[in-house]
Amino acid sequence: MIDLKLLQKDFEGISKKLERKGVDAKLLEKVKIKFEELKVAKAAFETLQAAQNAMSKEFGVYKREGKDISKLKAKVDENKIRIADALEIQRLRQEELETLAMAIPNIPDDNVPDGEDENDNVELKKVLTPKEFSFTPKEHWELAELNGWIDFERGVKLATSRFSVSFGMGARLERALINFMLDFNRQRGFEEVSVPALVNRKALEGTGQLPKFEEDLYKMQDQELFLIPTAEVPVTNLYQDEILTAEALPKKMTAYTSCFRKEAGAAGRDTRGMIRQHQFHKVELVAIANPQESEKIFDEMVQTASDILTALELPHRIVNLCTGDLGFSAAHTTDIEVWLPGQDKYREISSISNTRDFQARRAKIRFKNSKKNEFVHTLNGSSLAVGRTLVAIMENFQNEDGSIDIPEALKPYLGM
RNA sequence: GGAUCUUUGGCAGAGUUGGUCGAAUGCACCGGUCUUGAAAACCGGCGAGGGUCAUACCUCCCAGGGUUCGAAUCCCUGAGGGUCCA
């Protein structure tokens, strides 16, 4: 949720920033008007309510003194009707405003580059050099089938397209990666948490997936619960509606969960292989931070994710997302893209965002800053997507005969 | 699944014959006195959101409805927690 007071105070400035993210100026204008209307409606209601409260107090006095109350009651009854109307109007305005405001994305930071899509993202640096192959490297699905690691057909049989099954070393590698990543993150000061895979509407509103992106979520039929699209949702919302002490910050957490996405807008993209699945494993980093140090923690998170790839000897690059590629809740995002020799390109494997107080405002996560309460900053990032890491290992560690070497760092996790 | 109790400020915990209750008290926290400094002791402040230059004022005692001039307090529904029974 954007800061409505800020929008009101600096309408020009904020709308200019949001325009970079493709927000219609007319929408903002509407929000501003609704906000004004709400204030008027509120004032009207409050005036009536104040009168009502005063009269009710008088009522008590009359009763005690044994005075005649019939006249007062008539007045109060009449006022009551007007209050009901005023309240209804206020509620309506409130709803209208919320509907509009909840659909506005976060304000991008000034240093976020302008751009349409991922092609306009800005590369910050490359880590490790892709190795030269003396043969044409295969793509991961071929390698996966060759080694019997992943069975795509049987995943479809069990569920539907974009589901797969891992066997043998494929399955073991996934588990090894999860443990490796969790341990790595923990050593960097992120506390491990284990959270529900189903969450309610409020949690998803808190982190910004709802109300705008319901079509990409799996929803339970008999209860208002959704499968999580990322651990960011349950972990960030752990502290929803809470006022934390300043000493409690930062909360740095890591969690492994399965993630579930309908990929509604991705028809035809990455239909082959396990780059884009409806269910996938991910180890996530989440931080609840004092605004003053959120950027420092952001850098730590990027470094941690990058270091995991380095430890796995996987070449990657770090890119700064442009406005067009920036997610709904993020003020700025850094992606890490891993080198896939089979595809001959870098592909996203981690996405790390600082949402600043955008989610905190929605989820009402605050902290006591000496006297006053302030919204925290929330950050999240993958560290890492497990399936894609497996893909990267397959493609980068393949041999000419299709066999695949195991990165040294993982061997202890495989009893090797 | 049934019965019953319960849900209050950062935490703990009063308040349920409806009206000076936004709410005692303790802890925590902040400011001060004392001290070389700290602790202890003592004094003062201290729920949240909106509104205002600041007051006033409005809303909030799990959520949603209802009764009433008036509800933290009564009634209904739902959610969470405890206990007992299946």
Side-chain angles (χ1 to χ4, degrees), chain A residues 1-9 31-98 100-102 195-196 198-206 210-211 219-226 234 237-251 288-290 357-376:
Chain A
M1 177 88 91
I2 64 158
D3 188 343
L4 291 174
K5 273 197 211 161
L6 194 68
L7 180 72
Q8 199 191 218
K9 222 165 74 186
V31 168
K32 193 186 171 196
I33 291 167
K34 276 285 166 246
F35 191 52
E36 288 302 328
E37 285 180 359
L38 174 62
K39 276 175 105 173
V40 171
K42 247 184 167 165
F45 164 74
E46 283 177 9
T47 308
L48 290 169
Q49 186 62 254
Q52 188 79 351
N53 288 345
M55 284 191 276
S56 286
K57 253 183 197 159
E58 222 177 320
F59 217 98
V61 177
Y62 274 39
K63 272 238 158 142
R64 215 172 317 126
E65 294 174 354
K67 285 196 200 161
D68 176 35
I69 55 167
S70 57
K71 252 188 168 162
L72 184 59
K73 181 161 164 39
K75 245 168 82 184
V76 156
D77 282 343
E78 188 217 346
N79 197 44
K80 211 172 158 184
I81 297 163
R82 290 161 59 196
I83 287 181
D85 290 343
L87 183 63
E88 189 52 33
I89 291 170
Q90 188 201 313
R91 181 164 20 194
L92 225 78
R93 296 280 174 277
Q94 179 83 47
E95 255 173 46
E96 291 166 344
L97 179 66
E98 244 161 54
L100 290 174
M102 287 287 264
V195 289
L198 284 170
V199 293
N200 57 34
R201 177 171 289 273
K202 199 176 170 196
L204 286 153
E205 283 175 350
L210 288 180
K219 186 181 179 187
M220 298 296 116
Q221 205 166 30
D222 50 348
Q223 256 194 90
E224 177 99 316
L225 289 173
F226 301 80
N237 279 289
L238 285 172
Y239 298 101
Q240 102 180 178
D241 258 326
E242 293 194 27
I243 301 173
L244 304 161
T245 60
E247 299 75 55
L249 301 179
K251 299 248 181 219
I288 312 277
N290 187 313
D357 62 1
F358 186 81
Q359 292 180 328
R361 181 169 283 111
R362 289 179 158 232
K364 294 197 176 67
I365 308 173
R366 288 165 292 176
F367 75 106
K368 262 196 193 324
N369 195 9
S370 62
K371 241 355 190 178
K372 58 184 191 297
N373 300 315
E374 220 182 295
F375 287 112
V376 298

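Computed over heavy atoms, backbone and side chain alike; hydrogens, waters and symmetry mates excluded.
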Starting at NZ of K368(A) and ending at C1' of G49(B), how long is that distance when rounded to a whole Å? 13 Å

Nearest to side-chain heavy atoms of I243(A), which nucleotide of G50(B), C58(B), A48(B): A48(B)

If A41(B) has a Watson-Crick or G-U wobble mate with both distances under 3.5 Å, name it; if not, just say none. U33(B)

Roughly how many Å apart are G81(B) and U33(B), using the C1' atom of each and rounding to a whole number? 45 Å

Rounded interatomic separation in angstrom, taking NZ from K42(A) and P from G49(B): 13 Å

Mate of C27(B) across any strand shown (Watson-Crick or G-U wobble, both atom pairs under 3.5 Å) is G10(B)

What integer distance in Å separates L97(A):CG from G50(B):P? 14 Å

How far, in whole Å, is U8(B) from U59(B) if one measures between their P atoms? 22 Å

Pair K39(A) + E36(A), salt bridge at N-O below 4.0 Å: no

Separation between the C1' atoms of C30(B) and G80(B), rounded to whole Å: 34 Å

With RNA chain B as reference, determine whether A51(A) or D77(A) sits nearer its 5' end, using the nearest nucleotide of each. A51(A)

Please tell me which of the listed nucleotides, A48(B), C57(B), G51(B), lies nearest to the side chain of A50(A)? C57(B)

Looking at K219(A), I'd like to know if its NZ atom is crowded, meaning that more than 12 non-hydrogen atoms belonging to other residues, nucleotides or ligands lie closer than 6.0 Å. yes

Tell me which of F59(A) and K39(A) sits closer to the 5' end of RNA chain B, going by the nucleotide each one is nearest to. K39(A)

Side chains of Q94(A) and E98(A): is there a donor and an acceptor less than 3.5 Å apart? yes

Any idea which of C58(B), G70(B), A48(B) is nearest the E46(A) side chain? C58(B)

Given atom NZ of K80(A) and atom P of G70(B), what is their separation to the nearest angstrom? 4 Å

Rounded to the Å, how far apart are Q49(A) CD and U59(B) C1'? 9 Å

For nucleotides G22(B) and C58(B), find the distance between their P atoms and express it as a whole number of Å. 10 Å

When both hydrogen-bonding distances must be under 3.5 Å and the geometry is Watson-Crick or G-U wobble, what is C62(B) paired with, if anything? G78(B)

Shortest side-chain distance from V76(A), nucleotide among C69(B), A48(B), C58(B): C69(B)

Does any part of the side chain of D241(A), heavy atoms only, come nearer than 4.5 Å to the side chain of K364(A), both counted from C-beta? yes

For L244(A) and G47(B), give me the distance from atom CG to atom C1', rounded to whole Å. 16 Å

With both distances kept under 3.5 Å, what pairs with C84(B), Watson-Crick or G-U wobble? G2(B)

Applying the Watson-Crick and G-U wobble criteria at under 3.5 Å, what pairs with A71(B)? Answer none if nothing qualifies. none

For L48(A) and U59(B), what is the distance between atoms CG and P respectively, to the nearest whole Å? 12 Å

When the C1' atoms of U17(B) and G2(B) are considered, how many whole Å apart are they? 33 Å

Would the distance check show the side chain of N79(A) and the main-chain N or O of R82(A) forming a donor-acceptor pair, the cut-off being under 3.5 Å? no

Taking every non-hydrogen atom, the tightest pair across P196(A) and P234(A): O-CG, 3.8 Å

